[in-house]
Amino acid sequence: MHLILFLAFGAVCVGGAVNLLAQRHPINSALSLIAVMAALAGEYLLLGAEFVAAVQVIVYAGAIMVLFIFVIMLLNAGEEEQTNGSRVAILLGVPGMLTGSVLVAWVVLRHSGTEAVPIGALPGPPKEIAQLLFHDFLLPFEVTSVLILIAIMGAVVLASKPERAEGKAD
Amino acid sequence: MAPSYVPLSYYLLLSGFLFACGVVGFLIKRNIITIFMSIELMLNGVNLSFVAFAAHWHALAGQVFVFFVMVVAAAEAAVGLAIIIAVYRTRETLNVDQVNLLKL
Amino acid sequence: MSTDSLSSIILTLVTFAPLAGGLLLMLLPRRDRDIRIFALVISLLTFVLSLHLPVYFHRAQAGFQYEIDKPWVSTPNIHYHMAVDGISLWLVVLTTFLTPLCVLISWKSIHERVKEFFILLLILETALIGVFTSLDLFLFYFFWEATLIPMALLIGIFGHERKVYAAVKFFMYTMIGSVFMLAAILWLYAHTGSFDFVVIREQIAGGAVPGFSAAAQWLFLGFFLAFAVKVPLFPFHTWLPDAHVEAPTAGSVLLAGVLLKMGTYGLLRFNLGLFPEQSRHNAWWVMTLALIGIIYGALVAMVQPNMKKLIAYSSVSHLGFVVLGIFSFTQAGLNGAMFVMLAHGISTGGLFMLAGILHERRHTYEISEFGGLANPMPIYAASYLVIVLASVGLPLLNGFIGEFLVLSGAFQDKAIYGILGATGIIWSAVYLLWMYQRVFYGTITHPVNNTLGDLSGFEKMAVWPCAAAALVMGVAPILWLGAIDPAVHAALTPFVQVVGRVVGP
Amino acid sequence: MIVNWVATFFPALVQTLPQGADYVRILPEIVLSVFGMIVMVLEPLLDEEQSQKILGLIALVGTLAGLGATWFMAQSPGLAFWNMVQVDEFSVFFHVLVIAIATVVILISYEYMAVQRIRAGEYYALILFGVVGMALMSSAIELVLIFIALEISSISSYVLAGFRRHEAASAESSLKYFLLGSFATAFFLYGVALMFGATGSTNIDQISQTLQSGPIPLLAFVAVAFMFVGLGFKVGAAPFHSWTPDVYEGAPAPIVGLMSTAPKAAAFAVLLRIVFVIDVHAIFYVIWVAAALSMTLGNISAFLQNNVKRLLAYSSIAHAGYLLVAFAAAPGPGISAAMFYTAAYAAMNLGAFAVVSHFANAGERYVTLEDYEGLGRSSPLLAATLTIFLLSLIGIPMTGGFFAKFYVFNAAMKANLIWLTIIGVVNGGVGAYYYLRIIVRMYMRESRKEVPVMPVPFALRLALVACLVATIYLGIFPNSTLQYAQDSAQRLVWQSSFAPVSAEPGTAGTVVKIVKSGI
Amino acid sequence: MNSSLNLWVIPILPLAGAAINGFLGKRSSRQAVSTIALFFSGAVFAMALWVAMRFWFSSLTLPYHEYLAHWIRSGSFSADFAFYLDQLSLVMLLVVTGVGFLIHIYSVGYMWEDPSYYRFFSYLNLFMFFMLTLVLANNYLVMFIGWEGVGLASYLLIGFWFTKDSAASAGKKAFIVNRIGDFGFLIALFLLIKHFGSLNFDQVFQSIAPLAPETAGTGLLTAIGILLMVGACGKSAQIPLYIWLPDAMEGPTPVSALIHAATMVTAGVYMVSRSHVIFERAPTALTVVAIIGTLTAFFAATIGIAQTDIKKVLAYSTVSQLGYMFMACGAGAFSAGIFHLMTHAFFKGLLFLGAGSVIHAVGGEQDMRKMGGLKSFIPWTFLTMGIATLAIAGIPPLAGFWSKDEILWRAYQVSWVYWLIGLITAFITSFYMFRLLYMTFFGDYRGAQADAHGSHGHDAHGHGEPHESPMVMLVPLMILAVLSLLGGLVGIGNRFEHFLAPVFGSVEVVEGASHGTEMLLMGVSVAVALLGWWLAYLLYYSRPELPQRIADALGGFYQTVVHKYYVDEIYAALFVKPLIDGSTRILWQDVDRKIIDTAVNDAGDGARRVSDEARHMQSGNIRSYAAWIAAGSAVVIAFMVWMGSR
């Protein structure tokens with residue numbers, strides 16, 4: 001049962017990821033990314049991480065991807081042009097990436113094998129997560145606020161229209 | 001819920017695949033926004049690993065890590081998209097191959 | 001202050017007096033005259049201070065004197081360790097002797113950025129003295145590298161047409177050469193735990209350095225390369241003509257007079273001192289290179305149309321003598337090598353000054369531009385002749401003593417070295433006298449040369465001490481050899497296996 | 001105090017609330033964040049003219065307060081926030097370094113802001129917040145926190161790089177930095193995930209203990225590889241260096257000064273912890289190669305560079321290479337050499353960028369070598385200052401750069417990395433060429449273009465003097481700094497829960513042997 | 001026991017003169033300059049005479065050593081300023097100071113008009129200093145000071161009229177050729193140091209004296225001897241290094257007389273004689289000396305036949321006469337060599353001074369074809385030169401007869417070949433010397449009435465017709481003429497040989513049987529000399545048209561002789577040109593510039609090219625950068641996996 005669900009969600013994930021690469025219009029890519037994320041949420045559920053799954057859908061698929069689509073719309077991004085700016089990317093990057101992934105896959109398989117080991121009781125009740133988040137990981141949690149502050153400021157600075165303060169440098 | 005009978009390595013392979021797709025996307029896509037999406041794909045792949053390992057080790061830290069990754073991803077998205085807008089304003093293009101003023 | 005307490009800090013004083021002067025000079029307002037006078041005073045003061053060294057030097061004593069040894073950096077174990085022996089003593093004095101002359105010769109010829117010029121000159125002096133006085137390998141390297149910048153700037157800022165090319169070439173060549181020495185120094189430190197020359201030497205001699213036998217050849221080469229570039233030994237010499245031709249007169253004087261000696265001094269002090277075994281093994285090809293340098297340098301000098309280039313190539317030839325003497329491992333050879341260093345410093349320094357004087361008047365070094373100058377400039381011609389003869393190696397002038405001893409030493413080592421080397425005395429006569437003839441004899445071919453003025457007061461003050469020194473060194477070399485001889489003898493003690501050679505003549 | 005008071009009355013809370021000491025141990029971060037927020041809040045309240053000066057002053061006060069806070073922090077070493085951060089000499093060293101860099105950068109920016117007409121509020125706030133991240137990186141011992149701190153410093157850098165956003169170059173620089181930075185972060189993160197998978201922990205100490213207890217799982221090797229890729233990117237080591245020149249060229253000059261020093265130093269701090277605490281020996285070979293490659297590639301590429309900023313970018317790659325040489329060397333002298341190097345490099349590079357940013361003028365128009373021609377004559381003091389920094393970068397005696405290089409190569413030689421040392425010293429020799437080109441242009445060429453020379457304002461003067469003093473101080477009296485670095489290195493190695501290093505050939509020796517046998 | 005002679009004063013005196021004139025002469029009057037010069041050269045002559053007197057009256061025993069000061073000390077080797085006087089050096093001392101003083105006097109008149117009057121006397125005194133150092137040296141190295149120093153003085157004096165290119169070149173040539181000889185000398189010294197540890201005459205000779213003569217061909221002493229001979233060849237203008245001496249005639253005539261005839265050029269002979277201990281034990285070296293001497297004597301004499309420049313004739317004659325001296329040395333008759341050295345100093349000095357007087361008389365003309373019939377214009381010069389010619393031709397009882405005959409006799413004892421060649425040379429000598437005499441003084445005056453050679457300054461008081469020189473020039477001529485007449489008499493009955501016996505060893509007892517032979521040979525040589533005279537009379541006095549016909553008949557051979565066998569040209573083609581061209585083209589242009597420097601610059605360019613390539617990695621494209629990262633990480637991962645799974 002789990003395996004079937006895993007495979008189903010996994011198929012969506014793989015399909016979505018490949019589709020993201022295959023699609024030439026960014027909107028389509030974004031939509032396939034949303035599919036991937038949704039499917040991943042399913043995988044999280046399978047792994048017993050309900051809370052993560054929920055956040056995945058809300059924050060990731062919801063908020064972040066909406067932002068993406070918003071920007072795509074804002075910039076009125078059209079279809080991708082097939083320029084060849086980088087031969088290196090194809091000649092060096094992709095083979096490199098393939099070798100890397102094959103190696104990692106091999107390591108992963110060697111590390112955990114393919115036996116269907118039950119991976120344990122689901123450890124993800126929100127309460128325990130909260131305990132962790134607000135106690136053990138209190139500092140990172142608080143520091144995140146600085147991160148978000150920076151992000152906000154950055155977004156404001158970079159995306160605001162350049163008419164206000166600086167004017168034209170002459 | 002009942003214990004999972006899916007091997008850990010399947011999750012890890014899926015996670016690796018997503019990560020690899022992200023890398024490939026970065027390498028072959030021309031649209032900056034799509035490239036950025038590829039990065040998100042990579043992060044998602046990593047997240048899957050975290051959750052899988054968390055389940056494997058019975059350690060919630062992995063799941064907590066995912067939250068932080070999501071926050072970071074959100075922050076990155078905000079800043080990144082702002083940067084993309086800024087680039088679009090100055091260069092009138094989203095094709096990454098044409099953003100190459102600075103070179104050599 | 002009593003002489004004893006002065007003796008204990010004299011090296012520090014001598015070394016850093018010019019630097020202090022240079023720093024003070026920075027604060028002085030840009031009034032060229034004041035700056036010149038100040039620089040002269042500082043350099044003279046340094047010279048007077050440095051005279052303390054030979055005056056109170058215990059000549060019969062071979063070891064290091066005026067020693068200061070204070071920890072500077074604890075880890076790595078760097079000491080402020082300075083001392084001189086009969087070998088370095090004279091090189092220090094040579095430096096302090098030449099610098100005031102450099103100031104004098106630059107009195108009129110440098111009229112732009114005067115302040116910078118003299119600051120650089122004084123900094124250079126400190127670095128040069130430091131090279132000769134430091135006994136800590138780190139300190140040595142420190143000063144060694146420190147000479148590069150002021151010299152490169154002197155060439156690059158105050159030089160002639162292709163100054164940038166020359167400055168960069170000089171800098172890069174010596175820089176790259178010296179990094180191998182750095183690697184060797186680091187190896188020694190890693191395996192001995194000390195930068196102290198004396199300590200390392202003892203450890204090596206005592207066989208207490210692990211892995212030394214395997215690395216020794218490389219270490220030898222590491223040091224050798226840095227020094228060979230500096231000497232410069234054939235085929236590492238091509239930076240020299242360029243650097244000399246483009247350098248301002250004072251730069252050339254110090255470059256030929258002192259900087260090149262850093263290389264030979266290093267060979268003598270470090271290659272021979274630390275790696276006697278390897279020095280002996282490698283002597284044959286080093287001496288071959290030296291011989292090539294002697295003959296090749298002379299032949300190429302002979303056909304140079306440019307006076308400064310000619311003198312530069314003659315330096316290649318002369319320094320070949322030094323290396324030949326050093327690697328003969330004979331008392332005479334080493335004494336001679338030391339003496340050639342000093343003599344070459346004086347006479348080639350003088351030649352460069354004289355060339356510079358001519359350049360100031362005619363803005364060219366091309367020999368063909370001159371001819372018949374002995375008539376309008378008799379004093380200049382006479383001074384030039386004295387220096388030329390010193391360089392040619394006429395007995396009773398300084399060049400002869402060193403060359404004779406070197407060749408005698410080389411001959412004792414292997415007859416063929418002495419014989420081939422001795423051809424150098426023919427070549428030097430050929431190229432220098434030919435040049436002298438073309439510049440001073442015959443009728444005047446360029447009318448402008450008729451109007452050239454003879455030596456001015458400052459120029460006399462700069463050139464004549466050189467001529468006088470050349471004469472004194474030729475007549476009374478014993479004043480120098482008295483201190484050199486025991487030091488050289490001590491330097492040769494590791495080679496004591498060949499007893500006959502060492503204690504013999 | 002308050003905490004104590006709370007503890008008396010609500011004993012149950014003691015367990016859950018952080019102790020007072022915990023706050024002291026992140027005091028600099030707190031102070032900097034507070035000042036960052038003050039700047040941020042004040043910005044809309046002030047008009048353009050005032051804001052630049054006042055906010056700059058506040059930011060300056062903030063960094064100085066941060067330095068003061070560091071002093072307090074240094075007084076109470078130890079763990080805080082449930083093994084999240086650790087205050088020891090090591091982290092104090094980098095705190096001081098990073099905050100001092102920020103101070104100088106703010107001083108440099110003072111003039112730059114006015115000339116470039118950049119909005120001051122966000123700028124200073126971002127610097128302060130970024131410094132929080134960098135400071136945290138050096139004291140964090142938990143991968144989660146390291147990751148967050150890394151992101152803070154990165155994201156603020158991305159934004160700062162794009163601050164001249166009406167300039168296409170600046171936006172592009174920002175974009176490149178951002179995309180590649182995120183890309184590399186993903187690698188780092190994947191490495192963290194794999195490390196978590198291999199050990200079940202994200203705490204560095206725990207990871208190291210787990211790894212020590214048995215044979216190191218293959219997964220950990222891969223994890224370290226991924227983490228190295230991420231950090232290698234941040235420090236600009238070859239082959240992950242490609243972003244540096246482009247980003248440095250486009251970003252505002254003072255920010256380049258910041259980027260090339262502070263986040264790098266912090267990333268090096270993280271790398272030091274990861275390399276030496278999570279001790280997976282094989283990474284030393286990788287570092288060996290990366291070091292050699294960085295030095296060579298950085299130096300070679302810089303040869304023909306005509307843009308000074310870009311030239312300095314390549315130089316920073318080369319310097320990352322020298323630093324990695326120290327990493328490849330044994331822990332003992334290697335760590336302290338690396339720490340000394342970061343400090344010296346910060347002083348001289350920041351100084352160089354201070355001059356560059358002053359000289360660049362409005363819109364950064366004057367950044368090519370041609371513009372520097374004749375600078376020695378038109379502006380002798382500035383040229384002399386730049387010359388000293390460049391000489392230090394070359395590694396000429398009497399400057400910090402000399403001792404930095406010297407220590408690094410000394411460490412390498414101690415670890416018997418003879419070939420790496422030779423590659424290093426040769427690079428040091430060859431690399432002199434391009435710095436020399438600048439000096440040559442300044443002093444040995446006459447100006448061909450009309451390049452305005454502005455008077456040097458007080459703040460910049462202060463910054464230059466600070467850098468100059470630091471550079472020369474490190475060049476003549478390296479002892480105290482090095483001694484401090486050595487102590488902290490000792491501590492770092494001691495606390496890493498395996499046998500003491502310098503006494504026992506166990507760790508250092510084996511590393512050395514492995515590395516030596518392979519190379 | 002000798003009281004100190006203060007020999008060091010002897011060289012120092014002329015040095016003082018040189019210094020005073022050199023530094024102050026420019027601002028002094030000619031009178032002051034001449035006073036100084038004459039005072040110092042006179043004083044030194046007086047002192048030499050005083051020393052000789054003391055020896056004569058037995059208040060001085062020879063050899064005499066005097067130590068002055070340290071010079072070079074290196075390890076156990078030392079060479080100090082120390083002086084040595086024995087009969088040999090005493091003879092040299094007297095000759096050098098005596099002839100030197102006379103020539104100083106002569107020069108006052110000869111150089112009076114020269115603008116650089118002071119410089120001339122400064123140089124001349126300097127020469128005296130070095131020559132006396134050479135003569136009085138106690139060791140080879142101090143001798144070498146003098147040896148090189150006279151070379152310097154010669155260089156300066158030959159190039160005295162330096163505005164003339166030929167003079168400057170000749171000076172340089174003299175110095176360089178001398179240096180080539182010195183090269184051999186130096187090597188010999190190195191051998192001495194290496195094997196005997198010293199250069200002191202006493203020590204060296206004491207070590208060598210016990211050694212047996214070496215068998216032919218090999219051996220240390222042979223090598224030393226031959227190398228010393230190389231040095232002597234340079235200084236004393238022997239084959240193959242004689243080429244500088246004829247050119248040296250570019251110098252003022254008193255210089256030719258003093259340096260290039262009477263004193264300096266004989267230094268080689270002196271040195272070889274001084275080293276007789278070595279040569280006596282190295283028969284091969286001795287043979288080499290003899291062969292070189294004989295060949296040079298003959299060879300130079302043949303060139304002398306065809307020369308038309310009066311000084312060139314004398315120059316080749318000098319070379320030839322020096323050959324005689326070496327022939328003597330080679331035959332082991334060192335005292336004969338020295339005897340000839342002395343007499344030659346008299347008559348050749350006289351000849352040169354006479355030639356100078358002639359040149360002076362005809363306003364600087366040196367070509368004999370433009371002279372003739374001068375005996376009535378300058379009778380004193382004619383008279384004195386005539387005596388000298390008789391002396392050099394070997395007409396008894398003049399000086400040359402005795403010394404030359406001694407040499408020929410001693411040569412005959414070694415081998416008749418030497419004797420024969422020597423005899424033929426004597427004939428040629430007699431011929432060209434009388435040729436010179438006839439061409440110059442007999443017949444009609446062929447010179448221009450007013451001459452254009454105003455460049456030398458010594459003829460400024462324009463010439464109506466040839467005129468006699470002033471007394472200041474004639475007196476030295478007369479004194480030398482007297483010496484040429486009578487100087488040979490000291491050799492009668494081997495008295496000269498006996499005088500030098502303490503140096504060279506006792507005179508061999510001459511067997512009675514050979515006494516007749518000696519007389520016979522003497523007669524032959526006198527006959528030959530007269531024959532030469534007759535031939536010269538025939539060709540250049542009674543039948544003056546004959547020489548041209550003979551020259552035409554001989555054609556190419558005559559041309560070869562006129563052009564001195566093209567030796568200069570051959571040297572130029574063989575050595576000078578290849579050396580200069582080779583150095584320019586191969587060493588400098590090819591090796592230095594094209595190979596070494598290009599390699600250096602190419603390394604730099606190569607680095608720049610590589611840099612350019614490396615820069616192109618930096619394409620500006622983000623995807624490429626990502627590719628680098630990806631590929632790099634793949635490598636890192638692969639490596640780590642490999643390491644981990646090992």
Side-chain angles (χ1 to χ4, degrees), chain C residues 169 172-173 234-235 237-239 241-242 296 299-300 302-304 330-332 335-336 372 374-375 378 382 385 389 394-396 400-401 404-405 407-409 411-412 415 418-419 422-423 425-426 429-430 433-434 436-437 440-443 475-478 481-482 485 488-489 502-505, chain E residues 22 26 69-78 81 119 141-142 144-149 151-152 155-156 159 162-165 167-169 171-172 175-176 178-180 182-183 186-187 189-191 193-194 197-198 579-584 587-588 591-593 595-597 599-601 604:
Chain C
K169 193 171 179 180
M172 291 309 295
Y173 222 130
F234 178 90
H237 63 278
T238 50
W239 62 268
D242 289 318
Y296 174 92
L299 289 178
V300 177
M302 182 172 76
V303 295
Q304 291 304 316
T330 54
Q331 185 80 28
N335 277 335
N375 262 336
L385 185 63
L389 291 172
L394 196 81
L396 290 189
F400 172 72
I401 316 285
F404 175 77
L405 288 172
L407 293 172
S408 150
F411 191 87
Q412 288 167 55
I419 292 169
T423 58
I425 64 157
I426 302 173
V430 172
L433 290 183
W434 192 27
Y436 190 80
Q437 180 193 347
F440 291 97
Y441 290 167
T443 46
V475 174
I478 197 76
L481 285 174
D485 197 54
V488 161
H489 191 81
V502 175
V503 294
Chain E
K26 191 172 191 185
H70 286 308
W71 186 32
I72 299 179
R73 292 261 156 134
S74 161
S76 62
F77 171 78
S78 67
F81 291 116
R119 197 157 56 87
L141 214 56
V142 174
F144 194 72
I145 296 179
W147 188 267
E148 286 266 288
L152 165 69
Y155 164 76
L156 292 172
F162 55 76
T163 45
K164 234 168 75 182
D165 273 333
S169 296
K172 183 192 70 190
F175 197 92
I176 290 168
N178 265 307
R179 272 265 158 154
I180 296 173
D182 296 349
F183 165 76
L186 266 183
I187 304 287
L189 298 193
F190 296 151
L191 274 172
I193 296 173
K194 185 170 182 177
S198 174
L579 209 55
I580 289 180
D581 286 359
S583 301
T584 313
L587 291 184
W588 181 33
V591 177
D592 213 57
R593 280 206 178 154
I595 299 178
I596 301 176
D597 207 31
V600 172
N601 287 334

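The analysis underlying the following values was restricted to heavy atoms, covering all of them including side chains, and did not include hydrogens, waters or symmetry mates. Convention: sequence-line order gives letters A, B, ...; per-chain numbering from 1.
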Largest heavy-atom contact set with chain C, pairs under 4.5 Å, which of E:Thr584, E:Asp597, E:Asn601:
E:Asp597
If you define the side chain from C-beta out and look only at heavy atoms, does anything of C:His237 sit under 4.5 Å from E:Ile596?
yes
Got E:Val600 and C:Trp239 here, is their nearest side-chain heavy-atom distance under 4.5 Å?
no
Please tell me if the side chains of C:Pro378 and E:Lys26 come closer than 4.5 Å, counting only heavy atoms from C-beta onward.
yes
For the atom pair CG (C:Leu394) and CD (E:Glu148), what is the distance rounded to the nearest 0.5 Å?
5.5 Å
Checked C:Thr423, C:Leu407, C:Val488 vs chain E; the most non-hydrogen pairs under 4.5 Å come from C:Leu407
Proximal component of E:Leu186, with respect to chain C [non-hydrogen, under 4.5 Å]
side chain
Which heavy-atom pair separates E:Ile187 from C:Ala422 by the least distance, and what is that distance?
CD1-CB, 3.8 Å
Considering only heavy atoms, which portion of E:Arg593 lies under 4.5 Å from any heavy atom of chain C: side chain, backbone, both, or neither?
side chain
Of the listed residues (C:Val300, C:Asn375, C:Ile401, C:Thr238), which shares the most heavy-atom pairs with chain E below a 4.5 Å separation?
C:Thr238
Heavy-atom closest contact (E:Ile72 atom, C:Pro477 atom, distance):
CG1-CG, 4.1 Å
Residue from E:Asp581, E:Leu579, E:Asp182, E:Val142 scoring the most non-hydrogen pairs under 4.5 Å with chain C is E:Leu579
So which residue, C:Leu405, C:Leu433, C:Thr443, C:Leu389, ends up with the most heavy-atom pairs under 4.5 Å with chain E?
C:Leu433
With a 4.5 Å cut-off on heavy-atom pairs, point out which of E:Leu141, E:Asp165, E:Leu189 contacts chain C the most.
E:Leu141
Contact check, side chains of E:Phe190 and C:Ile419, non-hydrogen atoms, under 4.5 Å
no
Smallest separation among heavy atoms of C:Ile426 and E:Phe183, with atom names:
CD1-CB, 3.7 Å
Minimum-distance pair of heavy atoms, taken over all atoms of C:Gln437 and E:Lys172:
OE1-NZ, 3.1 Å
Return the option, out of C:Leu385, C:Val475, C:Leu481, with the maximum number of heavy-atom pairs under 4.5 Å with chain E.
C:Val475
Which is it for E:Leu587 and C:Val303 under the side chain to side chain contact (heavy atoms under 4.5 Å, CB included) test, yes or no, and what are the steps along the way?
CA-CA 10 Å; E:Leu587 291 184; C:Val303 295; over 6 Å; no
Main-chain N/O of E:Ser74 paired with C:Asp485 side-chain donor or acceptor, under 3.5 Å
no
Applying ring pair (Phe, Tyr, Trp, His ring centres under 6.0 Å) to C:Phe400 and not counting sequence neighbours gives C:Phe404, E:Phe144
Which residues satisfy the salt bridge (Lys or Arg N to Asp or Glu O under 4.0 Å) test with E:Arg73, sequence neighbours excluded?
E:Asp80
Decide side chain to side chain contact (heavy atoms under 4.5 Å, CB included) for C:Trp434 and E:Ile176; before the verdict, give the C-alpha distance in whole Å, the side-chain angles of both, and the deciding distance to 0.1 Å.
CA-CA 10 Å; C:Trp434 192 27; E:Ile176 290 168; 5.9 Å; no
So what's closer than 4.5 Å to chain E heavy atoms on C:Pro241: side chain, backbone, both or neither?
neither
Kindly assign one of parallel, tilted or perpendicular to the pair E:Phe162 and C:Tyr441, based on the angle between their ring planes and the thresholds 30° and 60°.
parallel
Among the options E:Gly149, E:Ala69, E:Ser169, E:Gly159, pick out the one with the most heavy-atom pairs lying under 4.5 Å from chain C.
E:Ser169
